[in-house]
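The next block holds one structure in the form of structure tokens; read it before the comments.
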Amino acid sequence: MSKEFDLAALLAERGAERYELHSRYLNHQLPRMLHTIGFDKVYERAEGAHFWDADGADHLDMLAGFGVMGLGRHHPVVRKALHDVLDASLADLTRFDCQPLPGLLAERLLAHSPHLGRVFFGNSGTEAVETALKFARYATGKPRILYCSHAFHGLTTGSLSVNGEKGFKDGFAPLLPDTAIELGDLDALDRELRKGDVAAFVVEPIQGKGVHEAPPGFLRAAQELLHASGALLIADEVQTGLGRTGDFYAYQHEEGVEPDLVCVAKALSGGYVPVGATLGKDWIFKKVYSSMDRVLVHSASFGSNAQAMAAGLAVLSVMENEGIVAHVRRVGELLFSKLRELVPRYELLHEVRGRGLMIGIEFGRPSSLGLRSRWTMLQAARKGLFAQMVVVPLLQRHRILTQVSGDHLEVIKLIPPLIVDEADVNRFVTAFTAVMDDAHAGGGLMWDFGKTLVKQAVAQR
């Protein structure tokens with residue numbers, strides 16, 4: 001007779017096997033990578049913008065689960081909402097009724113983009129993008145989607161077709177016949193639109209890969225070109241939306257921009273229940289769902305489930321009640337200004353860019369001979385190794401989790417929980433300054449680690 005399921009007991013008994021289990025049954029390269037760069041920590045608990053390892057040491061999270069943890073970990077309002085919805089024992093996902101929570105969440109979301117009229121709820125960012133691509137093709141009757149070089153919109157087949165990074169696409173052809181242009185290149189956009197087969201242009205107002213912002217005026221001008229040719233503007237706000245850049249949506253930084261479709265996910269989940277949403281103009285939805293025969297022409301088995309809807313409603317309530325967007329503007333400007341002040345101080349530090357709490361720190365070729373020779377050694381082995389050399393000591397010595405902003409990029413991306421405070425900002429800047437001091441000293445553990453990375457990069461060729 002099997003014993004009753006006890007989650008706490010299972011974790012106590014088997015939790016120490018986490019890396020071995022992952023190596024054996026999941027993506028075996030992930031634990032290998034974590035072991036290689038010294039990220040193979042054992043984290044025991046988390047709260048807000050911090051988590052604690054097995055030794056009880058506090059770590060600052062400047063990654064937010066790739067943006068999922070917008071309100072940090074285990075926000076009490078979101079936790080309570082999930083307890084409440086479970087305790088309510090709702091008749092969820094019957095598929096042949098209309099529960100109140102999806103409508104209520106759609107209403108709250110649309111209040112932040114009043115030019116849009118309807119919402120489709122799925123389960124992830126890539127699914128939100130897939131929905132937008134399908135809806136744009138059907139609504140316009142045209143087959144082709146334009147996207148930007150270096151874009152990231154997800155990894156399922158449709159969203160992979162509009163992924164601007166070749167490395168993600170290799171080996172997965174054939175994909176959809178979509179076309180890339182450079183972010184900000186209106187002439188290229190116009191040339192493609194003149195071919196007459198473009199359904200939409202999908203764009204991140206600030207690209208996650210490298211943290212590159214659309215040039216001023218580009219989104220407004222692109223919208224005008226698209227509408228003149230009967231094509232749609234899709235704003236991918238999966239990472240930039242819900243306050244990340246200091247407005248509710250990043251496209252709102254530019255006056256007059258009103259995308260036809262907007263994709264959100266990540267932070268809407270509260271860090272608990274996967275959820276994605278595609279917001280669109282009323283006429284687009286009415287064309288896709290044009291008759292009762294087409295009522296299920298696009299759907300998701302777990303879309304609009306009560307737990308996800310409750311989490312989303314709680315997140316929006318917290319954002320409004322706690323003034324999250326205004327907080328992001330204030331704290332983001334503080335972090336940005338402190339980092340910008342360091343650029344003249346360090347020849348390896350090339351640029352700081354971004355908005356709100358989405359900041360890119362780019363490193364570049366130094367001028368002094370000693371540093372330049374070390375930089376050249378790293379670049380010859382693999383571009384992006386110096387940024388990794390910064391990320392590793394930030395974690396190992398200063399207990400701050402960050403990420404390199406894409407393969408072969410010398411850019412670190414900061415996307416902390418939106419609730420980080422001034423003390424967190426000062427902690428990061430102090431740690432980053434110490435790491436840069438070490439790098440410019442020309443020796444020590446940081447460059448020794450760089451040599452190790454070079455050997456590994458060469459061995460993998």
Side-chain angles (χ1 to χ4, degrees), residues 46-51 58-73 75 204-213 239-250 252-253 266-267 319 322-346 348-364 387 390-395 397-406 409-439:
E47 184 176 348
H50 298 260
F51 38 85
D58 162 61
H59 291 66
L60 173 61
D61 180 16
M62 297 295 283
L63 180 57
F66 298 139
V68 168
M69 301 293 177
L71 298 181
R73 286 167 169 80
H75 194 287
E204 303 157 277
I206 302 178
Q207 290 187 330
K209 183 178 173 64
V211 192
H212 293 286
E213 186 172 7
Q239 187 165 103
T240 55
L242 275 73
R244 169 60 61 189
T245 65
D247 271 310
F248 194 85
Y249 294 120
Q252 293 170 336
H253 292 300
K266 289 190 182 289
M319 291 189 67
E322 297 185 10
I324 295 296
V325 173
H327 175 80
V328 169
R329 282 198 294 268
R330 181 178 63 81
V331 176
E333 178 55 36
L334 177 66
L335 177 57
F336 188 82
S337 62
K338 285 178 175 289
L339 290 172
R340 281 288 296 270
E341 290 173 1
L342 299 178
V343 174
R345 178 172 169 179
Y346 298 113
L348 283 161
L349 185 53
H350 177 67
E351 184 182 20
V352 177
R353 56 179 177 264
R355 278 184 182 268
L357 286 172
M358 186 173 182
I359 295 175
I361 304 173
E362 183 170 5
F363 307 101
V390 175
V391 164
V392 169
L394 280 173
L395 180 65
R397 294 187 218 166
H398 302 280
R399 302 192 309 276
I400 298 175
L401 182 62
T402 57
Q403 71 168 126
V404 177
S405 182
L409 287 182
E410 296 290 5
V411 181
I412 291 176
K413 179 167 65 175
L414 305 181
I415 45 170
L418 306 180
I419 58 169
V420 290
D421 57 22
E422 185 172 346
D424 298 323
V425 167
N426 290 334
R427 176 176 171 180
F428 176 81
V429 173
T430 299
F432 181 73
T433 301
V435 172
M436 294 306 292
D437 283 341
D438 185 43

Decide side-chain contact (heavy atoms from CB on, under 4.5 Å) for Glu341 and Val429; before the verdict, give the C-alpha distance in whole Å, the side-chain angles of both, and the deciding distance to 0.1 Å.
CA-CA 11 Å; Glu341 290 173 1; Val429 173; over 6 Å; no
Would a distance-only check, ignoring hydrogens and angles, find a side-chain to backbone donor-acceptor pair under 3.5 Å from Gln252 to Tyr249?
yes
Check whether any side-chain N or O of His253 sits under 3.5 Å from a backbone N or O of Thr245 as a donor-acceptor pair, and report yes or no.
yes
Which heavy atom of [X] sits nearest a heavy atom of [Y], and at what distance?
{"X": "Gly65", "Y": "Arg73", "answer": "N-NH2, 4.3 Å"}
{"X": "Arg340", "Y": "Pro344", "answer": "O-CD, 3.7 Å"}
{"X": "Gly48", "Y": "Pro417", "answer": "O-CG, 4.4 Å"}
{"X": "Asp58", "Y": "Arg399", "answer": "O-NE, 2.6 Å"}
{"X": "Ile206", "Y": "Met358", "answer": "O-CE, 3.7 Å"}
{"X": "Gly208", "Y": "Lys413", "answer": "O-NZ, 3.1 Å"}

With side chains defined as the heavy atoms from C-beta onward, is the minimum distance between [X] and [Y] less than 4.5 Å?
{"X": "Phe51", "Y": "Leu401", "value": "yes"}
{"X": "Asp61", "Y": "His50", "value": "no"}
{"X": "Ser405", "Y": "Val211", "value": "yes"}
{"X": "Phe363", "Y": "Val411", "value": "no"}
{"X": "Phe428", "Y": "Leu339", "value": "yes"}
{"X": "Leu71", "Y": "Glu322", "value": "no"}
{"X": "Arg244", "Y": "Leu357", "value": "yes"}
{"X": "His59", "Y": "Leu395", "value": "yes"}

Considering only NZ, NE, NH1 and NH2 on the basic side and carboxylate oxygens on the acidic side, decide whether Arg353 and Glu213 come within less than 4.0 Å.
no
Pairing of Arg427 and Asp421 as salt bridge, 4.0 angstrom limit:
no
Identify the residue among Thr240, Leu242, Val68, Ile415 that makes a side-chain contact (heavy atoms from CB on, under 4.5 Å) with Lys266.
Val68
Of Leu60, Thr430, Val435, the one forming a side-chain contact (heavy atoms from CB on, under 4.5 Å) with His398 is Val435
Atom pair CD1 (Ile419) and NE2 (His75), whose distance is rounded to the nearest 0.5 Å:
6.5 Å
Rounded to the nearest 0.5 Å, what separation is found between the CZ atom of Arg355 and the CD atom of Glu333?
10.5 Å
